[in-house]
Amino acid sequence: MAKNTTRAEDYSKWYNDLVNRAGLAENSGVRGCMVIKPYGFAIWEKIQAQLDIMFKETGHQNAYFPLFIPKSLFEAEEKNAEGFAKECAVVTHYRLKTDPTDKTKLIVDPEAKLEEELIVRPTSEAIIWNTYKGWIQSYRDLPLLINQWANVVRWEMRTRLFLRTSEFLWQEGHTAHATKAEAIAEAEQMLEVYTEFAENWMSMPVIRGKKTESERFAGADDTYCIEAMMQDGKALQAGTSHFLGQNFAKAFDVKFADKDGKLEHVWATSWGVSTRLMGALIMTHSDDEGLVLPPKLAPIQVVIVPIYKSAEELELVSVKANELVKKLKSMGISVKFDDDDNRRPGWKFAEYETKGVPVRVALGPRDLAEGKAEIVRRDTKEKSTVEFEGIENLIAQLMIDIQENLFNRANQFRADNIQKVDSYDVFKEKIEKEGGFYLVHWDGTAETEALIKTETQATIRCIPLDSVEEDGKCMVTGKPSKHRVVIAKAY
RNA sequence: CGGGGUGUAGCGUAGCCCGGUAUCGCGCCUGCUUUGGGAGCAGGAGGUCGUCAGUUCGAAUCUGGCCACCCCGACCA
């Protein structure tokens, strides 16, 4: 078997190989678009299912809006349109016909040109706000709390599986509110939902913050984000929540009558996470052997591998294994008993390690004779032989322990790779050699931000929400600064 | 969109410079032996060499066009 690419050798190749090897996704015949394979999609479904619950718990409802946006609607909110214009797929025709010069080929029928081009949504604010116009008349219609699970298209120049693909799956929440304060509270609430999901379900610590003006979502007054550190020290924006002010309400003329009968533009938010979370999950926990999944998002939480030499032995082992399967299932733990006779145990061990199954149980005649079983946890690779009786309770506890351990490990890694720096020269040297996150003082100007980006390729990831006020000087210009910002190279 | 590169079996490749009908590994199929860390042996199947044209008795190999993909930049969830 070919040796795996290790993280130390080539982090980028390690990632790509792993996505392929674990059966998560592959490149497709369409440029920049991926095929999400069953195992990868199963993880995405777990992510989706939990987020959906959390959105509903916070009062949101799901709906679905069209894939296409007429150009005239798309251009209504200027900044938004301008921001996405360079990466839009555009539908110009609605029919093909047989090529008169080659009957086996099709050509676009020039007579089927659309009067108005349709934009394949890169994000849905435009079509949704055009719709909201008809839904909102009174303060009684507010707040309007909608989420949509959808695919969007952004014609990226360079793509990477899960991290950046031309088409990707995501959810986008779009809410309308009567007051500015309420809309801001909503944007902040959803950032908390994302944070809770990232930390408690993905076991991935995140920094909550606000984007600088130049990194803000096109059309937003404020963009909140969660930023995570990957194992190569680079930052990954894992989710964003935008306070859109009245920009879209004004662009689409969405007004409501308040209690006094006065007409006001409504206040808006939008927030989203995408299949990029898959990339975040992979790059936060996985190792050189393969995927490492937090139990809460693992499609298979426990795998049981039988060891046997004959059909009779398999029969005996199966009886025990099935007992355990039944117990685990009743406890809500997903389990697979892999009695495939075409693969030998060693192959299965390697396979489930590659796939990141949190716990593996091996059961053979030797164990049966002693009333024991071998149990291995994926996160630490720790192997132990335990009493078969009551093993289900041990496994249930392992689910909790592994979930926690992954978070703690990632948290420790981040703590080890985040540092305060006050000198630009030191920063330049460190970001180049060590990577990681830096907490620095910045004068708040776009010029300084741009300079840092040009000279170091690092960007201001966010202004952390929990940053403490302290008097400092911008590391570049020496101008006064009130708090530190997080700066790093990013995906 | 600028710069560089690559297209040979399901995957990874050799051959190309110096033209003579394609190499090896993995995978796949069959059989036997195996099964506590990616099994061994034996046999077998699988290829319009990205595509179109040109040169030639003859093209994976030489020439030109086209297409696709990858890497590095600018852009980005």
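As the structure is a computational prediction, the values presented were derived from the model and not from experiment. Every chain is numbered from 1 and lettered A, B, ... according to where its sequence line falls, protein lines coming before strand lines.
Separating the C1' atom of B:A9 from that of B:U13 is a span of 11 Å, rounded to the nearest Å. On the C1' atoms, B:U61 is 13 Å away from B:A14, given to the nearest whole Å. Here, B:A60 and B:U51 have their C1' atoms 14 Å apart, quoted to the whole Å. For the C1' atom pair drawn from B:G25 and B:G15, the interatomic distance equals 16 Å after rounding to whole Å.
Between A:Phe349 and B:G38, no base-stacking contact is recorded for ring centres under 5.5 Å apart and planes less than 30° from parallel.
Computed from coordinates, the A:Asp10 CG to B:C70 P distance equals 16 Å when rounded to whole Å.
Here B:G36 is the nucleotide among B:A77, B:G36, B:G38 with the atom lying nearest to any side-chain atom of A:Pro365. When each of B:U35, B:G38, B:C75 is scored by its nearest atom to the side-chain atoms of A:Asp341, the top-ranked nucleotide is B:U35. Each of B:A77, B:G36, B:G38 was ranked by its minimum atom distance to the side chain of A:Glu156; first place goes to B:A77. When the nucleotides B:U35, B:G38, B:C75 are ranked by their closest atom to the side chain of A:Glu87, B:C75 comes out on top. Comparing B:G38, B:G36, B:A77 against the side chain of A:Ile307 picks out B:G36 as the nearest. Checked against B:A77, B:U35, B:G73, the side chain of A:Gln457 finds its nearest nucleotide in B:G73.
The partner of B:U56 is absent, by the rule that a Watson-Crick or G-U pair needs both atom distances under 3.5 Å. B:C28 is paired with B:G44 under the criterion used here, namely a Watson-Crick or G-U wobble arrangement in which both key atom distances are under 3.5 Å.
Using a 30° and 60° split on the angle between ring planes, A:Phe168 and A:Trp170 fall in the perpendicular class, above 60°.
With hydrogens and angles left out, the side chain of A:Lys383 and the base of B:G37 share a donor-acceptor pair within 3.5 Å.
Within the 4.0 angstrom heavy-atom criterion, no nucleotide atom of any strand lies near A:Thr159.
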